[in-house]
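Here is the structure we will look at, set down as structure tokens.
The analysis underlying the following values was restricted to heavy atoms, covering all of them including side chains, and did not include hydrogens, waters or symmetry mates. Protein chains get the first letters and strands the later ones, always in sequence-line order, with residue 1 at the start of each.
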Protein chains: 2
Amino acid sequence: MTTDIKERQAIRRSSNVPAYSQLADILEQQIAALTDEERARALPSEGDLSRQYGLSRITVRQALKSLESKGLVYSAQGRGSFPTLQRVTGISGFHSFTAEVRRNGQEPGTVILATSEVDRLPASIAEKLPVAEGEGGPQVHLRRLRLIDGLPIAVEDAWLPKALFPDLRPADFTDGSLYSLLADRWGLEPAWTDALIEPDRAAPEVAQLLAIDPGDPVLVAWRVTVTAEDKVFERVRSIYRPGFSLRVARYRLG
Amino acid sequence: MTTDIKERQAIRRSSNVPAYSQLADILEQQIAALTDEERARALPSEGDLSRQYGLSRITVRQALKSLESKGLVYSAQGRGSFPTLQRVTGISGFHSFTAEVRRNGQEPGTVILATSEVDRLPASIAEKLPVAEGEGGPQVHLRRLRLIDGLPIAVEDAWLPKALFPDLRPADFTDGSLYSLLADRWGLEPAWTDALIEPDRAAPEVAQLLAIDPGDPVLVAWRVTVTAEDKVFERVRSIYRPGFSLRVARYRLG
DNA sequence: GTTGACAGGTTGTTATGACATGCTAATGTG
DNA sequence: CACATTAGCATGTCATAACAACCTGTCAAC
């Protein structure tokens, strides 16, 4: 065997990736590989990590803080830092549908139903998710049917602001991940999302798309996603079929 | 007028509350009082705050970081720190029901329907939200009807682990905030929650409690809440009436 | 045996300092 | 006037240092 688990990864100081970020990635990877038994034990102390990787304690703490904000570890004064248990996995509807389904070990599918360009955000979504000044301008609209392992799961209507994505054309849309496209071409990534979730009955045309009966109980989610700089990234209305459940994992309280 | 908006609050160094936390509270309060116009402008720079409050830049940054993690501000390198827009308000079902409804300017109501003690967590909730080793022991069960302005909104079943709340008795439950009781007597506070949300039809007994028709579409939420140290705080199943929408605000992506 | 004091290790808080990186607006140049 | 340059200011990263607060296990005293 040439690979050795104890092989210690090093921090590249010449890299443009910050040291704390590199350390966070290393720790995240190591934690993911732990058994349940090992998860009950503390991680190496800040002092140990500092010496091991040749970093100051401030940098080590920055790495641990970033893992803590993602809900992967917690720290207890006087005791140490510990991995958390991951309790819920599945589809949240908040991240990239493609990525979430794949991570769940299933096969995502997407059918583009319609695309268009509109001068203003439709009133139907504007009244659910308040629109700030200057946000309601020209949008690109995209209607998709989402499938998991070939089964229709949701009907999604998305509006993308042309102000944020200049030169975005309906023709750019493919079956692939929309988020990847936006990241590659405009370097923009979603950072936060607000959502409204409510129960409803399936309208006839939605029922037909989801292969359910009209009037069946469905879940309707309205989302607005923003970048780290609080720019509206997209607005989405999703209608999920009965029997499907949304999972909201690691929501920070207080 | 004796009150002056420009009256500058000071940091109490002798307080047991950390300086960065005091500063974060001050800034949060000031940001909340800003007009929409003022929100577009940058906050004072880190250097300014450092001089104004007599704190090091590290401490100022710590305060800003804590506000950033709550989604109240964002920082842009080379430009400054800015307040974010608050887009969604309402009831998330994740925090204290009492507190959320009050903050929304409405009047919360609670009717205790039943209380009991059980030796094990019921299988119905255990299969929705996985139970780790040692978590399924004795629980105190609480069934409540939730009202907003007198209108029945949800039926909630909560299970609280006796391991975390020794001496908790069904008789301790009142119409007041359960979270306040737990914080006061055991010093424990919820930090994270995982949830599963799905559409369903109202069962007859639930329909009667919510004053809706059997078969009406309802929203069912299963939640597990944990403390900062990843101990299970409570498990809850909530059934919400049609027309009511859950809000998930400021969910961190990536 | 139980209790209490204590030592040692851990995270929490805070300071000072330095340099890197990115943005804005003023400046200067053609 | 239009445009490139640049100085200054903003946040980002990282180091060293010190003390506070807290937890756990050890060991002595009762």
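- Here B:Ala76 lies in heavy-atom contact (under 4.0 Å) with sugar-phosphate atoms only.
- Between A:Phe233 and A:Phe165, the distance separating the two ring centers is shorter than 6.0 angstrom.
- Within the 4.0 Å cut-off from OP1 or OP2 of C:dT10, not a single side-chain nitrogen or oxygen of A:Ser75 is found.
- Taking atom CD of residue A:Gln62 and atom C1' of nucleotide D:dA15, one finds them 12 Å apart after rounding to whole Å.
- Within the nucleic acid shown, B:Ala19 comes within 4.0 Å of sugar-phosphate atoms alone, with no base atom in reach, counting heavy atoms only.
- Contact of B:Gln77 with D:dA10 (side chain to base): no donor-acceptor pair of N or O atoms is detected under 3.5 Å.
- When the C1' atom of C:dT11 is taken as reference, atom CD of B:Glu229 falls 12 Å away, rounded to whole Å.
- Both the sub-6.0 Å distance and the 45° axial angle are not jointly satisfied by A:Arg235 relative to the ring of A:Trp159.
- Mapped onto DNA chain D by nearest heavy atom, A:Val60 and B:Gly78 fall at different nucleotides, with B:Gly78 at the one closer to the 5' end.
- We find that CZ of B:Arg41 is positioned 16 Å from P of D:dA10, with the value rounded to whole Å.
- The distance from atom CZ of A:Arg79 to atom C1' of C:dG12 is 15 Å, rounded to the nearest whole Å.
- Summarising the geometry, the separation between CZ on B:Arg51 and C1' on C:dA15 is reported as 16 Å, rounded to the nearest angstrom.
- Between the CG atom of B:Leu64 and the P atom of D:dT11 there is a distance of 8 Å, given to the nearest Å.
- Contact check for B:Gln30 versus B:Leu43: no side-chain heavy atoms found under the 4.5 Å cut-off.
- Residue B:Arg57 places its side chain closer to D:dG12 than to any other of C:dT14, D:dG12, C:dT11.
- At D:dT13, one or more side-chain N or O atoms of A:Tyr20 fall inside 4.0 Å of OP1 or OP2 (strictly under the cut-off).
- Using a distance-only test at 3.5 Å, with no hydrogens or angles considered, no donor-acceptor pair links the side chain of B:Glu117 to the main chain of B:Arg169.
- Considering only side-chain N and O atoms, A:Arg61 lies nowhere under 4.0 angstrom from the phosphate OP1 or OP2 of D:dT13.
- A straight line from CD1 of A:Ile58 to P of C:dG12 spans 13 Å, rounded to a whole angstrom.
- Rounded to an integer number of Å, the gap from B:Glu46 CD to D:dT13 C1' is 12 Å.
- Ring geometry, A:Phe82 versus A:Tyr74: the interplanar angle falls under 30°, so the pair is classed parallel (tilted spans 30 to 60°).
- Between A:Thr59 and the phosphate of D:dA15, there is a side-chain N or O to OP1/OP2 separation shorter than 4.0 Å.
- Toward the 5' end of DNA chain C, the nearer of the two residues A:Gly47 and B:Ser21, judged by each one's closest nucleotide, is A:Gly47.
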